[in-house]
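Here is the structure we will look at.
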Amino acid sequence: MKGKLQQQLFCQYKTVDENEGKAARLQRMIKKYLGNHAYRAVFYALLSDEPEKGTAVFRTIQEARRIPDSRKIMDHLGNPDVAEVFAMSRSVANEAHLYEEFIRFRELADGILFSEITPKSQVLVCIADHFADRFPLENWVIYDKTHKMFLLHRKQAEWALVTGTPLNRRTADRISESEKTYSELWKEFFESISISERENPVYQRTHLPLRYRNDMTEFSDQT
Amino acid sequence: MQGTIQEKMTLNEKLHILSDAAKYDAACTSSGVDRRGDGTGMGNCSAAGICHSFSADGRCISLLKILFTNECIYDCKYCVNRSSNDVVRTSFTPEEVCTLTMEFYRRNYIEGLFLSSGILRSPDYTMELIYAALYRLRKVCNFQGYIHVKAIPGADPRLIQMTGYLADRMSVNVELPTAESLRLLAPHKSRKNILAPMRLVQNQINENKQEIRLYRNAPRFVPAGQSTQMIIGATPETDYQILHTAESLYKKFDLKRVFYSAFVPVNRDCALPVLKDNKPPLLREHRLYQADWLLRFYHFEADELLDENNPNFNVLLDPKCCWALNHLDLFPIEVNSADYMLLLRVPGIGCKSAGRIVKARKMGNLQFEDLKKMGVVLKRALYFITCGGKMMYPVRIEEDYIMRCLLNTKERLPEGADGMTYRQLSLFDDVNFGGVNGISNRFIYVQIRLQVFVQLCMMLGWKTGTAMQESA
C-alpha cells in the first residue's frame with residue numbers, strides 16, 4: 001500500500017511491521033468469530049486495488065462486533081462499509097472468474113504451459129486452485145504483468161506464488177513446434193463458429209471487454 | 001447421397017468445414033455438473049459453466065462445437081448439410097476429435113467438446129462413430145472435462161445408453177415447435193422418433209439416480225441432464241405456442257434447457273419463409289429466452305405471460321415488465337416485508353438481489369440506496385416498490401405513464417425526480433431533461449434566461465406579469 005495512500009493532515013502515522021504470526025492470529029480470529037463466508041469476503045476484498053480497502057475492512061470488522069450475531073456481518077449490506085467490502089470482494093471474484101475463462105496458455109519449447117495476464121486486482125491466488133485441479137499433470141506458469149507475480153505449478157505438486165523474480169522474455173517467447181499449429185486451428189475455429197447474419201460487436205464487447213483481449217490468442221495478430 | 005467424403009484434407013480445412021456446419025446449434029453451455037479432477041488425467045467441470053471466449057456474433061464459445069461428419073442422408077429443408085445441397089463433405093476420425101479437444105483444452109481455449117453429427121449411412125452407424133470418439137477421449141486420453149453429445153433419433157437404445165455414460169449432457173433437437181411443422185420442413189424426421197430417445201435418456205437418468213443413492217461410486221449417466229433446441233421463425237407458430245411447447249418439455253421430460261435458435265436462411269426453398277431485410281428474428285429469440293428464464297427461475301407459467309388473445313411478446317418491453325404492467329393492482333409492494341416470491345416478480349429485481357434483500361432486511365430497514373448496492377435495477381423497479389412505505393419519487397401507478405417512463409429510460413429518471421413536482425416555466429427552452437447530470441445546470445440556465453428577460457422588460461419600461469416576477 002506504500003505510496004498509494006493519500007496521507008492526511010492531523011494524523012499520526014505508525015508503521016506496523018507485517019509478520020506471519022500476526023497474520024495467522026488475525027486470520028484465525030476472523031474465521032472463528034465471523035465465519036468462513038465473511039473470511040472469504042475480507043480475503044477477496046483485500047486483493048483489490050482500491051486504495052481505501054483497509055479502512056473499509058477494518059470498519060466492517062468493528063461493525064461485526066457491534067451487531068448481535070457477528071457471523072451474519074456480510075448480510076448487513078445496509079452498512080456502507082460492509083457494502084463496500086461486499087462490492088470489492090464481488091469485483092475481485094468477478095475478475096478472477098473472467099480470468100479462469102480468458103487465460104490462454106501457450107506451450108513453450110520445454111513443454112511448459114505459459115500464460116501472461118494484466119489484471120486489475122491480485123487474482124492469481126483466486127484462480128490457482130481451479131487450474132491446479134484442472135491440469136494436475138502439467139507444468140504451468142501464469143505471470144501477472146500488473147503486480148509482477150508468478151503462479152507456478154509443477155506436475156503433481158502444489159502450486160506456489162513467486163514474487164521478486166523478473167520475467168525472462170527470451171524463454172517466455174520461445175514456443176514449441178506444435179504451438180503454432182494449434183493456435184492457428186483455434187483462430188480458424190474462432191472465425192468459423194460465428195454466424196455472420198447475427199454479428200454484434202457491442203454484445204461481444206459486453207461479455208469480453210477489450211482490456212482482456214491483448215493477452216488472448218484469438219485476438220493477437222501474430223501468426 | 002450426394003457428395004462423397006473427402007478423405008485427403010488437412011485438419012485445418014476439416015475444422016473449418018465441420019465447425020462452420022455446427023454453428024447453427026445454439027447450445028454451447030458447459031453447465032450442470034460439478035466434478036473435480038481426480039489427479040490422473042486432465043480436466044474438471046464447474047456447475048455454473050465457463051465461457052472461454054465470445055465470437056463476433058456475441059455468442060459464448062464454451063465448447064469445441066463440431067460435427068463428426070457433415071454427410072447426411074436426411075433432407076431437412078432448413079439445414080445447410082441436407083443431402084440435396086452441394087457442399088464439400090468431410091469427416092473427422094475419432095483420433096482427430098481427441099487430439100483437437102485435448103490440445104485446445106490444455107491451452108484453456110475450451111471447456112470441453114460438443115459433438116454433433118450428420119447422419120452417415122444410418123443412425124446406428126453414426127452413433128457408433130460418436131461413441132468411439134467419446135470412448136477414446138474418456139478412456140485413452142483420460143479427459144475429465146465437459147462433453148455434450150447428440151443422441152441420434154432412430155439409433156439403437158443400447159448405443160445411446162452406452163454413450164450417455166461417457167457424456168455429461170445429451171440432447172435431441174425437437175427442431176421445430178410443432179409436429180405439423182416438422183412434417184413440412186423435415187420430411188424424414190417425426191416428432192415421435194425425436195421424443196423416443198428423449199424419454200429414454202430421461203428414464204435412464206432417473207434410474208441412475210437410484211443407483212447412485214445405493215452405490216455411491218456407480219457410473220454417472222448424463223449428470224448434466226438433457227437439453228433440446230427449436231428453430232424460431234421458420235414456421236408460423238406464435239410465441240404462445242412456442243412457450244407452451246417449451247413449458248411442457250420442461251415438465252414432461254425434465255429438460256435442463258430449451259434453446260431457441262432464430263431462423264437463419266441458408267437454403268432457398270419454397271417451404272421456407274422469406275425474412276424481412278434478410279435478418280434473423282433476433283428480438284423474438286431474445287424475448288423467448290427472457291420468458292424461458294421466467295419459467296425456470298421466477299416461477300412463472302406460460303399462461304401468465306401470454307394468452308390466446310395476446311399470442312406474441314411485446315416488441316418494446318420485456319415479458320416481466322409486461323406482466324407487471326398488466327397486474328398493477330398488486331403493486332407497489334413494500335420491499336421490507338414482501339414475500340420472496342412476490343419480490344421475484346418485480347421488474348428490476350432478480351433471483352440474487354431478491355435473496356440479498358430477504359437476508360439484509362433482517363438486519364435493519366432497507367432504503368433505496370441500499371437496494372441499489374445490492375444490484376437492484378432501480379430505473380425499472382422504482383415504479384413497483386416502496387421502502388418504508390414511501391416510493392422513491394412521486395410516480396403515478398398508471399399503466400400508460402409507467403409504460404412511457406420505462407420506454408424512456410436510458411438511465412433517465414421520471415419527472416419530479418429532483419424534487420420538482422411541476423414543470424418550470426420556460427420561454428425559449430423546451431425543458432427537456434437530457435440526463436440526470438444535466439438537470440441542475442439546465443434549470444439554472446433557464447432561470448438566468450428568465451432574469452435577463454425580466455430585466456430587459458423593465459429597462460424598456462414594460463409591465464411584466466406577476467407570475468414571471470415571482471419565478472425570476
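Computation of the quantities below employed the complete heavy-atom set of this structure, encompassing side-chain atoms and omitting hydrogens, waters and symmetry-equivalent molecules. Chain naming here is simple, since letters A, B, ... match the order of the sequence lines and numbering starts at 1 in each.
- Neither the backbone nor the side chain of A:Thr206 comes within contact range of chain B; no heavy atom of the residue lies under 4.5 Å from a heavy atom of that chain.
- Taking the charged nitrogens against the carboxylate oxygens, B:Lys373 and A:Glu84 have no contact shorter than 4.0 Å, which rules out a salt bridge.
- The two residues A:Ser192 and B:Ser19 come nearest to each other via the heavy atoms OG-OG, 2.6 Å.
- Within 6.0 Å of atom CZ in A:Arg211, more than 12 heavy atoms from other residues, nucleotides or ligands are found, so the atom counts as buried in its surroundings.
- A:Trp186 and B:Phe104 have perpendicular rings, their planes meeting at more than 60° on a 0 to 90° scale where under 30° would count as parallel.
- The most heavy-atom pairs under 4.5 Å with chain B, out of A:Glu197, A:His97, A:His207, come from A:His207.
- Residues B:Arg106 and A:Glu138 are paired through a salt bridge, judged by an N-O separation under 4.0 Å between the basic side chain and the carboxylate.
- Separation of atoms OG1 (B:Thr40) and CD (A:Gln156) is listed at 9.5 Å; rounding is to 0.5 Å.
- Summarising the geometry, atom NZ belonging to B:Lys65 is positioned 5.0 Å from atom CD1 belonging to A:Ile193; distances are rounded to the nearest 0.5 Å.
- Heavy-atom distances place both the backbone and the side chain of B:Ala262 under 4.5 Å from chain A.
- Contacts between A:Arg90 and chain B at a heavy-atom distance below 4.5 Å involve the side chain alone, from C-beta outward.
- With a threshold of 4.5 angstrom between heavy atoms, B:Asp370 approaches chain A through side-chain atoms but not through N, CA, C or O.
- Within the 4.5 Å cutoff, the side chain of A:Leu77 has no heavy atoms near those of the B:Lys359 side chain.
- The backbone N or O of A:Asn200 lies less than 3.5 Å from no partner atom in the side chain of B:Asp57, so there is not a single donor-acceptor pair.
- Atom NZ of B:Lys390 sits in a sparse spot, with 12 or fewer heavy atoms from other residues, nucleotides or ligands closer than 6.0 Å.
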(request) Tell me, with the steps shown, if A:Thr217 and B:Arg107 meet side-chain contact (heavy atoms from CB on, under 4.5 Å). (result) CA-CA 10 Å; A:Thr217 318; B:Arg107 290 168 174 79; over 6 Å; no

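- Residues A:Met216 and B:Ser53 have side chains in contact (heavy-atom distance under 4.5 Å, counting atoms from C-beta outward).
- The residue among B:Lys279, B:Lys23, B:Glu103, B:Gln367 with the most heavy atom pairs within less than 4.5 Å of chain A is B:Lys23.
- With chain A as partner, the option from B:Leu11, B:Leu18, B:Leu64 having the largest number of non-hydrogen pairs under 4.5 angstrom is B:Leu64.
- Put simply, the side chain of B:Asn108 gets close to the backbone of A:Glu100: a donor and an acceptor are under 3.5 Å apart.
- Counted within 6.0 Å of CZ on A:Arg59, heavy atoms from surrounding residues, nucleotides or ligands total 12 or fewer; the atom is thus considered open.
- The contact between B:Ile61 and chain A is made entirely by side chain atoms (from C-beta outward), counting heavy-atom distances below 4.5 Å.
- The candidate from A:Arg104, A:Glu107, A:Arg205, A:Glu191 with the greatest count of non-hydrogen atom pairs under 4.5 Å with chain B is A:Arg104.
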(request) Please test A:Asn79 against B:Met363 for side-chain contact (heavy atoms from CB on, under 4.5 Å), starting from the C-alpha separation and ending with a verdict. (result) CA-CA 10 Å; A:Asn79 180 291; B:Met363 320 286 289; over 6 Å; no

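- A salt bridge links A:Arg198 with B:Glu285: the closest approach of a Lys/Arg side-chain nitrogen to an acidic carboxylate oxygen falls below 4.0 angstrom.
- If you tally non-hydrogen atom pairs under 4.5 Å between each of A:Tyr203, A:Tyr182, A:Phe102 and chain B, the highest count goes to A:Tyr182.
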(request) Run the numbers on B:Ile50 and A:His130 for side-chain contact (heavy atoms from CB on, under 4.5 Å), then give the verdict. (result) CA-CA 12 Å; B:Ile50 296 181; A:His130 171 81; 3.6 Å; yes

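- For B:Arg59 and A:Glu199, the salt-bridge test fails: no basic side-chain N is under 4.0 Å from an acidic carboxylate O.
- Other residues, nucleotides and ligands contribute more than 12 heavy atoms inside 6.0 Å of the CZ atom of A:Arg213.
- Using modelled atom types, one side-chain atom of B:His52 and one backbone atom of A:Glu101 make a donor-acceptor pair closer than 3.5 Å.
- Using modelled atom types, no side-chain atom of A:Glu188 and backbone atom of B:His16 make a donor-acceptor pair closer than 3.5 Å.
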(request) I would like to know whether A:Phe189 and B:Leu100 meet side-chain contact (heavy atoms from CB on, under 4.5 Å); could you show each step before the answer? (result) CA-CA 11 Å; A:Phe189 176 76; B:Leu100 273 178; over 6 Å; no

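- Between chain A and the residues B:Gln144, B:Lys362, B:Arg356, the most heavy-atom pairs under 4.5 angstrom are made by B:Arg356.
- For CD of A:Glu158, the number of neighbouring non-hydrogen atoms (other residues, nucleotides, ligands) closer than 6.0 Å is 12 at most.
- Only the side chain of A:Leu113 comes within less than 4.5 Å of a heavy atom in chain B; its backbone stays farther off.
- In terms of heavy-atom pairs under 4.5 angstrom with chain B, the leader among A:Met74, A:Lys72, A:Glu179, A:Arg106 is A:Glu179.
- Atoms CZ and OH, from A:Phe135 and B:Tyr105 in turn, are 6.0 Å apart once rounded to the nearest 0.5 Å.
- Proximity to chain A (any heavy atom under 4.5 Å) is shown, for B:Ile17, by neither the backbone nor the side chain.
- In this structure, no portion of A:Leu98 lies under 4.5 Å from any heavy atom of chain B.
- For A:Tyr39, the OH atom is densely surrounded, since the number of other residues' heavy atoms within 6.0 Å is greater than 12.
- In terms of heavy-atom pairs under 4.5 Å with chain A, the best-connected choice from B:Ala360, B:Gly43, B:Cys51, B:Pro280 is B:Cys51.
- Summarising the local packing, CZ of A:Phe58 is surrounded by 12 or fewer heavy atoms from other residues, nucleotides or ligands at distances under 6.0 Å.
- In this structure, CD1 in A:Ile195 is found 9.5 Å from CG in B:Asp20, a value given to the nearest 0.5 Å.
- Minimum heavy-atom separation, B:Phe54 to A:Phe219: O-CZ, 4.4 Å.
- For A:Glu218, the part lying near chain B is the side chain, with the backbone staying farther off; criterion is any non-hydrogen pair under 4.5 Å.
- Only the side chain of A:Phe86 comes within contact range of chain B, with at least one heavy atom under 4.5 Å from a heavy atom of that chain.
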